[in-house]
Amino acid sequence: MFDVMTVRNFLLIGCAVFLSATIFLCLMRAALGPRFSDRVIAANIIGTKIILLIAVLSLIIGQSYLVDVCLIYAVINFLSVVVLARSVIEKKEGE
Amino acid sequence: MNEELKNIWRAFFNWVMGNGPRPENEVIPPEPPPDLPFTQKPHDKYTRFHEATLKERYNQWLEIHGLHIFAILYTGLSVLTCIVIVSLLLATVAELPPFGHERNPANNEVIRRYVEHGGHETGAQNIVAGLILDYRAFDTFGESAVLFTAAVSVLMLLGASRRNKTDTHSLPSSNAMDAYSIHAPPMRHHTFRKDDVILRAVASLSIPVILMMGCVVVINGHLSPGGGFSGGAILSTALILCANAYGFERVHEFFNERTFIVSSSTALMIYALSKGYSFFTGANHIHSVIPKGTIGNILSGGLILPLNICVGLIVAGTLYGFYALFSEGDM
Amino acid sequence: MLEKLLLNHYEAAAVILSGIGLTNLLLQRNLIKKIIGLNIMDTAVYLFLAAKGYVEGRAAPILIENGSGGWLTSSALYVNPVPAGLVLTGIVVSVSVTAFALALTLKLYESYGTLNIDEALLKMTEEQEQLEAVIEEADEEVLS
Amino acid sequence: MIVIEWLLLIFLIVCAVAVSISKNLLNSVIIFMSYSLVMAVIWVLLRSPDLAITEAAVGAGVTSVLFFLALRKIGQLGHKDDEKSE
Amino acid sequence: MNNILTLAPVLFPIITGFALFSRPIFEDRHIYVGVMTFATSIITFCAAFMTSGELITLWRVTDSLSIAFRLDYPARAFSCLVAFIWPLVTLYAFEYLRRRPPVDRFYAFFMSTFGILIGVACAANLLTLYLFYELMTFMTLPLVMHEQKRESIRATVSYLLYSLTGAALALGGFFFFQVYGVSMDFTPGGVLDIAKITAGHNESMILTVTFLTLVGFGAKAGIVPLHAWLPTAHPQAPTPASAVLSGLITKAGVIAMFRVVYYVVGAEFLRGTWVQYAVLGMAALTIFTGSMMAYIEKHFKKRIAWSSVSQVSYVVFAMMLLNADGINGAVLQIAAHAMSKSCLFLSAGVVIYCTLRGANYHYVDQIRGVGKELPITMTCFALASLSLIGLPVTGGFAAKWYMASGALELGRVGVFGVVVLMISALLTAGYLLPIVTDAFFPGEDYDYEHVVPFKLPLNMKLPLLLLSAGAVAVGLFAGVLVNFAGGKIISVLL
Amino acid sequence: MINMFAYNIPFASIFIMMVAAIVTPLLPKRSRIPEKLSCYAIALVAVLSAYLLYALTYPGQSLSFNFPMGHFPAPWGNELRAGPLEAVLSLVFCVAMLLSLTGNFSSTAEDIAPGRRQIFCVLVNLLTASLLALTYTNDLFTAYVFIEINTIAACAIVAVKEGAETARAALRYLVMSLVGSGLVMIAICLLYDLTGHLLMQNMHGAILVLVTTKSYMIPLTVSLALITAGLAIKSALYPFASWLPDAHGTSTNASSAILSGLVLKGHIFTIIKIFYRVFGLDVIHMLRMDTAIFILGLVAMIMGSVHALRQNNVKRMIAWSSVAQVGYIFLGVGLNTTAGIAAACLHIIVHACVKPMLFTAAGGLSNAAGHKKGLHALMGTFYVNTWAGLGLIAGACSMMGIPGFAGFASKLSLTLASFDSSVVVWALAALATSSVLNALYYVPAVIVIMTHHKDAHKNFTAPKPTKLYKFSMFIFLTLNFYLGLFCVPLLRLITRGVNVL
């Protein structure tokens with residue numbers, strides 16, 4: 001009844017559901033967040049959650065190439081946050 | 001009412017009389033200056049907005065009377081349009097074949113052929129790569145052309161702006177419009193700080209990795225997910241990161257506008273020629289000399305690998321070009 | 001109808017999204033938001049298309065080795081690859097269009113100092129009026 | 001699995017609506033960025049890894065960067081409301 | 001040779017007219033224009049008397065549509081009339097336009113209008129007719145707006161609007177006739193495919209279309225619903241242009257209606273239908289309105305223009321009687337009215353031209369005593385007026401005589417028509433004769449001392465004399481014309 | 001079978017233009033070489049298309065053929081399809097494009113900064129390539145991709161002239177076009193889902209099956225409506241035409257000529273192909289789309305002219321007149337018969353020849369008036385630039401439908417086509433009204449330019465029109481008369497083309 005695979009699948013799907021549910025909280029912070037840094041960090045966390053979610057999904061679906069997608073994601077998410085942060089910092093310095 | 005009736009009668013009479021004799025007591029308006037036919041003299045402010053639609057006049061009216069009513073109405077209209085479109089489309093969707101069902105009309109003999117024979121017909125393990133670069137290569141060629149068009153257009157719009165400021169070439173018809181650049185707040189031209197230690201450290205570590213990853217995605221395009229486009233985008237990411245960490249000058253040492261144009265055009269040219277060869281031989285039933293290779297090897301898939309590399313080059317250049325043009329107005 | 005919509009939940013969501021995107025594209029007054037609306041609409045359409053290619057229980061269209069050096073090529077194993085191909089093309093198109101539209105927006109802002117196309121029109125019309133008045137005066141001077 | 005699908009789809013719709021009604025442009029762009037991020041998961045769920053990679057590189061990366069740069073050029077970054085509490 | 005001679009009167013003046021735009025070749029405008037106009041007239045007369053009336057196809061647009069000409073008898077008669085009046089008016093224009101540039105443009109369009117008018121007359125099918133009809137509108141626009149004043153441009157635009165509306169109606173008819181006709185070439189008795197029409201029960205539709213076409217072509221002739229441009233546009237044109245506009249170009253509309261009634265639809269098809277009575281009624285209404293408005297009008301040229309509205313409708317009225325006497329009357333009226341109306345306008349032009357007192361005579365009450373200064377002019381004016389009124393022996397009388405007798409054949413409707421004719425004749429007398437009497441007998445308080453008879457140049461005098469003589473001569477030789485009409489035109493048509 | 005050379009022409013013509021576009025950025029800047037390259041490439045394609053037309057109509061040859069793009073035949077790979085109609089259209093497009101370029105050579109040089117001229121040439125080449133691809137393609141998704149190329153290139157070609165006005169116009173144009181292509185994309189997705197094909201013929205077969213079994217009727221209707229609406233926005237059918245006068249009125253003359261004369265036509269021809277080849281006329285009639293198109297065409301014919309009447313700027317006036325002319329074409333399409341579509345195609349050709357001429361003429365005239373575009377400023381310019389004046393007059397006559405000019409031929413065929421249907425009265429009434437309205441704004445313009453005014457241009461020494469300008473105008477005028485006088489063989493050819501479409 002409780003063989004390992006079932007439990008594993010159950011756990012993985014639970015994780016995935018939990019991750020996707022908490023994305024909403026981050027979205028709320030991104031939308032409402034009074035400070036600029038709140039929004040950026042919220043966006044960044046959403047990215048991180050997505051990376052996790054894809055990793056979990058790659059286990060569920062059982063296809064290894066999804067890990068590539070995770071890697072690429074990590075890079076790109078980093079980049080966009082860097083660009084955004086730098087732009088804002090420069091603006092502050094300009095003033 | 002009475003006045004209106006009178007007007008109608010007068011109009012009728014004028015018609016019958018062919019704009020005949022004027023009533024004695026009518027005040028003849030002063031003759032406008034002669035020899036200026038077809039000049040419509042401005043009567044009031046609004047007749048001058050020739051092409052202004054009702055909506056725009058309405059906007060002006062609102063600008064005079066405050067925008068609050070307008071904002072409410074506008075939101076209402078948006079929501080209404082949205083609801084109408086969505087409900088129409090939802091009604092359509094409800095009629096469509098069910099999701100994920102294998103008997104749907106889309107899963108027909110075309111798909112079967114792609115999957116069952118795609119491997120040995122194109123030599124690509126990734127069927128999507130085989131599909132877009134061999135079966136339906138013309139679409140993909142068009143897609144690269146779209147990217148090329150956009151790159152050229154953005155280069156034209158943003159790239160020329162700085163140089164033209166110094167250019168003495170003045171346009172005869174646009175001088176009146178130049179006045180606006182005075183009203184507009186000045187565009188911001190930033191210079192990047194170059195002493196960001198953290199970013200530099202991270203960049204020096206990650207840029208080689210990113211470059212390598214981009215190359216892998218490009219080169220393995222026919223074996224695993226990815227391909228020229230996504231790989232190219234990753235390569236451009238490396239360039240963008242480099243520009244961010246070390247400044248544009250560093251990137252310009254090896255990648256400037258001329259390099260961009262030459263590399264993109266050459267890559268696109270190679271793409272076009274190789275695809276042209278393939279189209280030509282295919283349509284005329286000539287045997288193509290390009291070997292397909294064994295599925296699963298790096299050197300397989302016939303033209304797909306070189307095409308992916310070309311696309312990767314184009315995309316990397318173009319996307320970095322977009323970045324440079326948007327942030328600096330120059331490459 | 002509702003259960004059919006629930007069955008086609010991807011398509012339904014895609015349609016709602018594209019409706020929102022289209023509305024944004026048409027009725028937003030801010031150009032940046034218009035362009036975001038365009039992107040939403042495009043991705044929604046791609047979502048629709050990709051959902052149409054999905055088949056329950058099948059794998060992504062990358063050939064799988066059968067263990068003896070060959071490849072599994074049964075069409076019952078893989079999802080429909082055509083929508084993926086089309087969407088790939090579409091994504092490139094939408095990036096290009098976005099970049100172009102943003103460039104034009106910057107141009108507009110440079111000239112008018114606004115992101116609202118109607119305000120730009122208003123400004124232009126006022127300027128045009130002044131211009132025409134000047135031209136007319138000049139003409140009349142020449143004529144008289 | 002279907003729960004995840006539903007959650008993600010609802011997230012997309014919420015994002016789209018939030019983008020439309022948000023007053024701050026930077027906010028819209030950030031929300032749009034998370035929209036693209038989530039879209040990539042949906043591509044994975046629909047068994048299109050090619051699309052997921054492309055969307056990751058393009059939607060989350062290049063498009064957002066372009067939007068940020070455009071906002072920076074027109075001086076819309078760092079809205080006054082944001083700076084109040086800092 | 002036959003071909004060339006048929007085409008020459010149409011093409012020669014158009015080509016020579018537009019050659020005027022090429023500046024350096026021709027030094028003296030007047031000699032060139034004069035020679036070319038007279039040459040055209042001679043060519044026209046030659047063509048009218050020497051060709052055999054074959055169908056000459058200039059261009060085949062589609063299998064069934066072509067640009068073709070044929071000098072049949074109505075065409076010959078009208079071409080001769082045009083060729084007689086046009087050189088005279090041109091002669092007059094040399095003097096009149098001396099102080100009103102730009103003459104080049106005027107002559108260029110004036111000459112091409114000559115050719116196009118003949119083209120309208122000898123068009124052999126509806127397409128050619130429509131083409132030349134439209135071209136005539138555009139060629140006469142520069143004539144109307146010659147002065148380039150605000151008023152004249154407004155008049156031009158109104159002229160354009162009415163003419164084009166008319167032409168559009170006619171074009172609709174053209175398409176219908178093409179579908180429901182056996183061929184497009186004008187054939188006496190009509191070209192309609194009666195079998196096809198009766199099979200589809202389309203009679204009433206064809207009647208409606210015919211009516212609309214007639215109304216459309218009637219715009220040029222100033223028939224009632226589309227008449228309002230005429231009293232505005234004609235007075236605005238310089239006098240030579242208004243002379244031909246009123247005298248001849250309004251007749252082009254009549255010719256077009258004539259072709260539609262007798263050569264496309266066929267008199268048989270129309271006789272006794274509501275279309276006939278409706279057009280008759282419109283014509284009668286126009287006759288009455290025109291006379292009445294002329295009676296009220298105080299502006300000199302406008303009064304004559306209103307008179308044209310009325311007089312041209314006589315022709316339409318006569319033509320729509322659909323019997324032999326009617327056609328005789330129409331032929332006579334066309335000739336008589338062309339001569340006398342040109343003469344009236346030219347005289348009016350002379351009066352305006354001679355600014356001896358330092359003021360233009362624009363209104364009829366300013367004209368008092370002009371007869372003392374311009375005796376010859378006012379004599380010609382009187383003669384032409386008498387012809388218009390319909391005094392026996394003059395052309396107008398003969399025309400009205402035939403018209404009345406034709407109308408009486410129709411029974412009760414005809415009697416009503418005759419009554420309208422009588423009233424209109426009285427009104428005509430009422431608005432023309434006072435001018436003459438005022439001019440010659442200005443009354444007791446007139447300052448006879450300072451009258452200096454104006455020496456009229458020969459090239460203004462000659463046209464006046466010839467035209468007024470012609471107006472009388474039409475009456476004197478009415479028999480010849482009637483014989484011609486009876487022998488050559490009516491026998492074919494009815 | 002058709003000979004090898006002609007068989008490869010459809011592909012070759014697209015390929016030549018693409019290669020020309022790709023090579024152009026590599027050429028030296030600030031020289032005339034890119035422009036010459038574009039002109040020669042377009043001329044070459046025009047010659048090839050003419051040969052293709054000759055080969056296709058040569059007796060004993062098959063009238064149309066399919067050209068697989070690659071090693072895989074019809075339902076698996078992309079495909080081009082060429083018949084007489086496609087050949088004629090590509091010939092006309094190339095000729096009109098070439099003449100628009102050569103005719104406006106000098107004004108282009110004045111309007112466009114030297115650094116941008118090269119890019120202008122790239123865009124023109126891409127535009128030509130996309131038009132040719134839209135003409136020849138037999139695949140709906142390929143059509144979509146090339147529609148996008150067309151959109152970007154067309155907007156960029158508006159913005160190529162520096163200035164605030166053009167940026168605004170281009171942006172407006174872009175937004176409307178994007179709405180259009182979004183709708184087209186949704187419709188293509190729906191159709192793909194219903195049929196499982198993207199190739200037009202296969203789609204047609206699948207749709208016929210759906211219609212006979214009465215399944216999926218709502219999605220079918222919606223997709224047809226969406227695709228029509230999307231392409232109608234792009235081809236400026238009246239209620240969606242508000243972008244057109246801005247875009248066509250502000251850009252440089254060559255761009256206006258190309259946009260008005262050709263780009264709209266590419267989209268309209270795509271609609272025609274979708275109606276005829278994908279759905280089939282019976283299905284269109286069953287889904288009531290023909291009536292909708294017909295009514296919109298009627299409205300466009302009237303309203304376009306009404307708007308044009310109110311314009312004071314000559315280029316805007318001509319631009320609004322394009323809206324009316326597009327209405328004529330849609331009227332023909334809405335008749336939903338072979339004759340109607342043939343008439344619409346004839347009008348496409350006529351308009352593609354006349355409208356560039358009008359824009360070129362207007363450009364020449366406003367040049368002669370010292371770059372002023374107001375109608376009253378053009379007074380007497382006929383005498384400064386006679387060729388431009390002649391062009392405007394001939395164009396005006398053509399638009400009014402004077403027999404002997406190009407416009408009459410298409411009006412005649414439209415009317416004759418409408419006699420087969422029950423809507424003849426409406427069609428006739430609209431044609432008549434629209435002709436009168438056309439005349440009401442074209443004739444005053446003609447009068448103004450022919451009005452002599454001695455002093456108006458004393459201070460301005462207008463440049464003489466160049467030889468190239470005169471030559472292009474001469475060809476334009478010849479084409480105009482040719483279409484007016486020899487329309488019958490052309491119409492016959494088009495009808496044959498429509499029959500095998």
Side-chain angles (χ1 to χ4, degrees), chain B residues 35-40 50-51 53 88-89 91-92 95-97 104-110 113-114 121 134-139 142-143 145-146 148-150 152-153 155-157 160 163-164 167 169 171-174 177 180 261-262 265 268-269 272 276 278-284 288, chain F residues 4 8 11 15 18-19 22-23 25-26 67-72 75-78 110-111 113-116 119 122-123 126 141-142 145-146 148-149 152-153 156 159-160 162-165 190 192-197 206 216 218-219 222 242 245 310-312 316 371 375-376 444 448 451 453:
Chain B
D35 298 322
L36 252 183
F38 305 108
T39 316
Q40 279 146 14
H50 300 298
E51 83 300 327
T53 55
L88 183 72
L89 285 173
T92 316
E95 297 287 319
L96 284 179
N104 285 350
N107 298 325
N108 54 7
E109 74 279 0
V110 183
R113 160 117 180 210
Y114 284 155
E121 274 180 354
D134 205 340
Y135 283 109
R136 300 184 60 85
F138 191 43
D139 290 350
E143 167 212 309
V146 173
F148 177 67
T149 318
V152 164
S153 312
L155 183 65
M156 176 192 83
L157 283 173
R163 258 165 276 138
N164 258 33
D167 229 341
H169 180 88
L171 298 167
S173 51
S174 69
M177 286 296 126
Y180 276 124
I261 286 178
V262 171
S265 294
L268 200 56
M269 198 70 211
S278 145
F279 291 152
F280 179 77
T281 52
N284 294 298
S288 171
Chain F
M4 269 293 280
N8 283 306
F11 164 64
F15 193 68
M18 277 289 186
V19 169
I22 297 168
V23 166
L26 298 174
F67 182 91
M69 294 296 272
H71 291 268
F72 308 101
W76 292 283
N78 294 101
E110 273 170 29
D111 278 349
R116 289 183 166 198
I119 291 177
V122 179
L123 293 171
L126 281 167
F141 194 74
T142 314
V145 172
F146 280 93
E148 286 292 348
I149 298 184
I152 300 181
V160 77
E162 197 117 10
E165 227 181 347
L190 282 173
Y192 175 71
D193 185 31
L194 296 177
T195 59
H197 286 285
Y216 301 129
I218 294 178
V222 170
S242 55
R310 292 161 56 201
Q311 301 303 320
N312 215 351
R316 275 178 169 271
H371 296 290
L375 210 47
H376 60 273
V448 167
T451 303
H453 207 283

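Side-chain N/O atoms of His71(F) and Ser278(B) include no donor and acceptor closer than 3.5 Å.
What you find for Met156(B) and Arg116(F) is that their closest heavy atoms are O-NH2, 3.2 Å. The minimum heavy-atom distance between Ala145(B) and Ile149(F), with the atom names listed, is CB-CD1, 3.6 Å. Shown here for Asp193(F) and Pro97(B), the closest heavy-atom pair between the two residues is OD2-CD, 3.5 Å. Among all heavy-atom pairs drawn from Phe279(B) and Met69(F), the shortest one is CD2-C, 3.4 Å. Heavy atoms only, all atoms of each residue included: Phe148(B) and Pro25(F) are closest at CZ-CG, 3.8 Å. The minimum heavy-atom distance between Val110(B) and Gly196(F), with the atom names listed, is CG2-O, 4.5 Å.
Between Val122(F) and Thr149(B) the shortest side-chain heavy-atom distance does not fall below 4.5 Å. In this structure, Trp76(F) and Glu121(B) have side chains that are not in contact, with every pair of non-hydrogen atoms separated by 4.5 Å or more.
Heavy atoms of Phe138(B) lying under 4.5 Å from chain F belong to its backbone as well as its side chain. At a 4.5 Å heavy-atom cutoff, the contact between Thr142(F) and chain B is made by backbone and side-chain atoms alike. Only the backbone of Ala137(B) comes within contact range of chain F, judged by heavy atoms closer than 4.5 Å. Residue contact with chain B, scored on non-hydrogen atoms closer than 4.5 Å, involves the backbone and the side chain of Leu194(F) alike. Using a 4.5 Å cut-off between heavy atoms, Leu26(F) touches chain B through backbone and side chain atoms alike.
Of the residues considered (Leu190(F), Ile119(F), Ile218(F), Val19(F)), Ile119(F) shows the highest number of contacts with chain B, using heavy-atom pairs under 4.5 Å. The greatest number of non-hydrogen atom pairs below 4.5 Å with chain F, out of Glu109(B), Glu143(B), Met269(B), is found for Met269(B). Per-residue counts of heavy-atom pairs under 4.5 Å with chain F were compared for Ala150(B), Ser153(B), Ala91(B), Ser265(B); the largest is that of Ser265(B). Counting heavy-atom pairs closer than 4.5 Å to chain F, the top-ranked of the candidates Val146(B), Asp139(B), Thr92(B) is Asp139(B). With chain B as partner, the option from Tyr192(F), Phe146(F), Tyr216(F), Phe141(F) having the largest number of non-hydrogen pairs under 4.5 angstrom is Tyr216(F).
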